[in-house]
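Only a predicted model underlies this, so the values are computations on that prediction, with no experimental measurement involved.
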Amino acid sequence: MAKKLLSRGEVPVEQTWDISLIYKTEKEFQADVEEVKSLREEMVRVYKGHLDTPQAVNDCLDAFRVLLEKMYLAQQYTSLAASVDHYDSQIQDQAGQIGRLCAQVDSDLSFIDSEISELPEEILKEAMEASKPNRCYLEDVLRNKPHRLHPEAERVLSAVSRTLESPYEIYNAAKLADMRFPSFMADGEEHPLSYSLFEDNYEYDENTEVRRAAFTAFSKKIKEYENVTAAAYNTAVQQEKIMAGLRGFDSVYDYLLFDQKVTREMYNRQIDLIMKKLAPHMRKYAKLLKKVHKLDKMTYADLKLPVDPEYNPSVTIEDSREYIEKGLAIMGDDYVEMIQTAYRERWVDFAQNQGKDTGGFCTSPYGKNSFILLSWNERMSDVFTLAHELGHAGHFRLCNSAQSIFDTRVSTYFVEAPSTMNELLLAHYLLGTKEDPRFRRFVLSNMVSNTYYHNFVTHLLEAAYQREVYRLVDEGRTMQSETLSEIMKDTLQKFWGDAVELVEGAELTWMRQPHYYMGLYSYTYSAGLTIATQMCKRIENEGKEAIEDWKKVLSAGSTLAPVELAALAKIDITTDQPLLDTIDTIGKYIDEICELTEKIA
């Protein structure tokens with residue numbers, strides 16, 4: 001039976017991250033906040049109306065980089081604290097205060113881009129040649145020029161930017177603060193329930209009665225919030241549609257893909273090919289789960305089952321260190337040292353507690369170490385999640401040390417490649433540690449049920465659903481809860497066919513992911529894993545040369561667009577071939593899992 005969640009104050013401190021690595025004292029934090037305010041005022045006084053020479057432009061941007069470094073440190077410091085305890089009103093209020101400060105800074109300094117974009121091209125070129133740290137920023141200003149509004153309009157939009165993020169805040173408040181789940185009865189026992197207990201425990205429970213009862217109870221509770229969640233999401237997508245029109249984009253797709261530096265063709269390829277080509281492989285996998293677990297039927301509530309739950313040993317946090325160090329040793333001694341430091345200095349928040357964000361993430365404040373959030377459940381899947389987030393840490397460790405803060409805003413199309421790469425490297429290491437068929441099946445099924453399922457199925461189906469939502473928004477439609485549920489159910493039905501029964505509650509999957517409030521983000525998980533799969537094959541075949549290429553890619557930051565980053569890794573993502581090869585790889589893993597299952601039986 002799942003344990004009742006502790007409050008944040010009750011969890012062992014060694015399982016929490018140490019955000020004093022950003023600021024040792026509240027006094028240090030407040031000093032940076034005051035300096036941000038002072039720098040903002042000075043920049044307005046010195047540079048507003050005076051950006052008329054290459055020297056002035058670069059002096060202004062040099063000062064802007066200093067301000068951003070301090071502002072983002074303060075913002076991430078409060079955001080990290082807020083993410084692990086949504087019940088602490090004081091922490092939430094402090095995060096809100098810093099959010100409002102960031103919006104005010106953005107508003108007051110919006111003149112920078114407006115004035116620079118109006119300069120003659122020869123002045124901008126001279127400024128670019130004179131400053132490497134500012135060059136890409138200036139290139140982006142020029143690229144954005146056709147879509148900029150009047151300077152006063154830009155200032156107002158920046159001033160209300162915090163308010164424009166309110167749909168996501170409402171979603172999180174409903175999900176993480178307001179939803180209180182009652183316990184449920186199954187298999188003769190009463191079981192506690194919460195968002196994280198369901199997603200981290202019950203979805204994987206091998207007891208069919210408990211697993212399905214948990215799904216029913218969970219779905220019943222979140223359905224009570226379907227209208228407020230739909231209202232928040234509709235507000236978010238309507239805002240994006242309005243902004244697309246204001247900035248001169250023909251479609252909300254083009255508006256959202258513009259910052260990613262990705263074509264509509266690249267976006268659609270990920271969704272169309274996976275929906276068509278991967279679905280048959282995953283249906284085969286679903287039927288295998290039904291067979292090995294002797295289920296009466298395969299339902300949507302059964303899809304997270306491991307192939308062999310009895311061969312799923314408990315893994316402690318300390319065990320994970322050895323797995324990850326050895327699994328990622330191929331990346332070099334400096335990479336292993338980063339992993340050791342992450343454990344030693346408490347970069348990771350492992351704790352399970354009430355009011356903590358679900359899922360996992362990594363944030364890497366410029367000039368500091370990374371911070372990783374997850375909930376440790378003592379499963380091998382947690383080891384893969386941690387390896388994934390350490391992939392982000394390793395990426396931005398190289399990126400932040402090689403580039404200015406302007407050049408660390410890596411396109412979301414690429415940003416999941418380093419993280420998913422780590423999952424593959426870990427799996428390939430594990431495959432080489434034992435000859436036992438059952439262990440091999442265990443590792444392969446972890447790759448399919450975690451790495452590929454998470455990125456090529458869960459997030460991809462989100463993306464397919466999301467694409468249909470934006471199609472209707474482009475047509476002028478508003479999104480009600482019934483419409484969103486219909487779209488999700490249709491998406492799931494197209495992918496799973498008759499291999500999976502979509503029980504009541506499956507259609508509410510649209511309520512469970514925060515990615516919809518982040519633009520076109522969901523599809524990028526499969527895009528990143530496509531690059532990672534191809535790069536992993538290069539590393540296996542070429543060794544050190546491929547690893548050095550990969551480190552160059554990671555160090556490049558946002559100085560290159562996704563196509564160029566992939567090309568630096570000798571991967572051509574302008575064609576179908578990498579994605580088709582990756583889908584074929586997944587299919588081969590599933591075929592081998594089926595063959596091993598017959599052999600083991």
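- Of the N and O atoms on the side chains of S7 and Q354, not one donor lies less than 3.5 Å from an acceptor on the other residue.
- Smallest separation of non-hydrogen atoms from S320 and W376: CB-CH2, 3.5 Å.
- Using modelled atom types and a 3.5 Å distance limit, the side chains of E507 and S485 yield no donor-acceptor pair.
- Aromatic pair F184/F218: centroids not less than 6.0 angstrom apart.
- No more than 12 heavy atoms of other residues, nucleotides or ligands lie within 6.0 Å of CD in Q90, so this atom counts as exposed by the packing criterion.
- Of the charged side-chain nitrogens involved, at least one lies within less than 4.0 Å of a carboxylate oxygen, so that E322 and K326 count as a salt-bridged pair.
- S370 and R397 are not linked by any side-chain donor-acceptor pair at a separation below 3.5 angstrom, with hydrogens and angles left out of the test.
- Using modelled atom types and a 3.5 Å distance limit, the side chains of Y195 and D200 yield no donor-acceptor pair.
- When atom types are taken as modelled, the side chain of D382 and the backbone of N377 share a donor-acceptor pair closer than 3.5 angstrom.
- Around atom OH of Y233, more than 12 heavy atoms belonging to other residues, nucleotides or ligands sit under 6.0 Å away.
- Applying the ring-ring contact (aromatic ring centres under 6.0 Å, His included) test to Y168 and every residue at least two apart in sequence or in another chain returns Y517.
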Worked verdict on W347 versus L21 for side-chain contact (heavy atoms from CB on, under 4.5 Å): CA-CA 9 Å; W347 295 9; L21 293 168; 4.0 Å; yes
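- A salt bridge (charged side-chain N to carboxylate O under 4.0 Å, His left out) with R8 is found for exactly one of D85, D88, D349, D357, namely D349.
- A donor atom on one side chain and an acceptor atom on the other are found under 3.5 Å apart for T363 and Q76.
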task: Would you please test R441 and D308 for salt bridge (charged side-chain N to carboxylate O under 4.0 Å, His left out) and show each step?
output: CA-CA 8 Å; R441 182 180 69 168; D308 191 349; 2.9 Å; yes
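- No hydrogens or angles considered: nothing links the side chains of T509 and Y465 as a donor-acceptor pair under 3.5 Å.
- The two atoms that bring S219 and L508 nearest to each other are O-CD1, 3.6 Å, heavy atoms only.
- Ion pair R512/E199 flagged as a salt bridge, since at least one NZ, NE, NH1 or NH2 atom sits closer than 4.0 Å to an Asp/Glu carboxylate oxygen.
- For F371, there are no ring-ring contact (aromatic ring centres under 6.0 Å, His included) partners, not counting sequence neighbours.
- Between the N400 side chain and the G367 main chain, no donor and acceptor come within less than 3.5 Å of each other.
- Between the side chains of Q260 and S411, not a single donor N or O lies within less than 3.5 Å of an accepting N or O.
- H459 pairs by the ring-ring contact (aromatic ring centres under 6.0 Å, His included) definition with H454, H515, Y525, not counting sequence neighbours.
- Taking the six-membered ring where the residue is Trp, W17 and F361 present tilted rings, their angle falling between 30° and 60°.
- When every heavy atom of W550 is checked against every heavy atom of A417, the shortest pair comes out as CH2-CB, 4.0 Å.
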From CA spacing to verdict: side-chain contact (heavy atoms from CB on, under 4.5 Å), K304, Y453: CA-CA 9 Å; K304 295 292 182 71; Y453 189 102; 3.7 Å; yes
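- Donor-acceptor pairing under 3.5 Å is lacking for the side chains of S445 and Y589.
- Residue M488 holds its CE atom at 9.5 Å from CD of Q466, rounded to the nearest 0.5 Å.
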- prompt: Going through the distances and angles, do S375 and K356 end up as a side-chain contact (heavy atoms from CB on, under 4.5 Å)?
  reply: CA-CA 9 Å; S375 294; K356 179 178 176 177; 4.1 Å; yes
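- A donor and an acceptor atom, one from each side chain of Q97 and D93, are located under 3.5 Å apart.
- Counting only N and O atoms by type, the side chains of Q30 and E26 include a donor and acceptor under 3.5 Å apart.
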query: Step by step, would you call L6 with Q352 a side-chain contact (heavy atoms from CB on, under 4.5 Å)?
result: CA-CA 7 Å; L6 302 173; Q352 291 191 37; over 6 Å; no
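- Across all non-hydrogen atoms, the minimal contact from L5 to S194 is CD1-OG, 3.4 Å.
- Under the 4.5 Å side-chain criterion, counting only non-hydrogen atoms from C-beta, L39 is not in contact with V36.
- Scanning all heavy atoms of the two residues, the minimum distance from R212 to A301 falls at CG-CB, 4.3 Å.
- Remark: the S481 side chain and the N227 side chain contain an N/O donor-acceptor pair separated by less than 3.5 Å.
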- request: Evaluate side-chain hydrogen bond (donor to acceptor under 3.5 Å, both in side chains) for N446 paired with Y452, printing each intermediate quantity in order.
  value: CA-CA 9 Å; N446 258 286; Y452 284 107; over 6 Å; no
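- No side-chain donor-acceptor contact under 3.5 Å links D205 to the backbone of Y202.
- Ion pairing between a basic and an acidic side chain is recognised when a charged N comes within 4.0 Å of a carboxylate O; D334 and K551 show such pairing.
- Residues S161 and E165 have side chains that never bring a donor and an acceptor to within less than 3.5 angstrom of each other.
- Taking a 6.0 Å sphere around NZ of K221, one finds it holds more than 12 heavy atoms contributed by other residues, nucleotides or ligands.
- Contact detail for P167 and T163: the closest heavy-atom pair is CD-O, 4.3 Å.
- H392 and E416 form a side-chain donor-acceptor contact under 3.5 Å, judged by distance and modelled atom types alone.
- In this structure, Y77 has its ring center closer than 6.0 angstrom to the ring center of F29.
- We find the CD1-CG distance between I339 and L390 to be 6.0 Å, quoted to the nearest 0.5 Å.
- Judged by distance alone, the side chains of Q92 and E169 never bring a donor and an acceptor atom under 3.5 Å apart.
- Atom CD in Q403 sits 7.0 Å away from atom OG in S558 (nearest 0.5 Å).
- Heavy-atom contacts from other residues, nucleotides or ligands closer than 6.0 Å to NZ of K489 number 12 or fewer.
- Judged purely by atom type and a 3.5 angstrom limit, T25 uses its side chain to pair as donor or acceptor with the backbone of E28.
- Put simply, the side chain of E389 gets close to the backbone of C362: a donor and an acceptor are under 3.5 Å apart.
- No hydrogens or angles considered: a donor-acceptor pair under 3.5 Å links the side chains of D32 and Y23.
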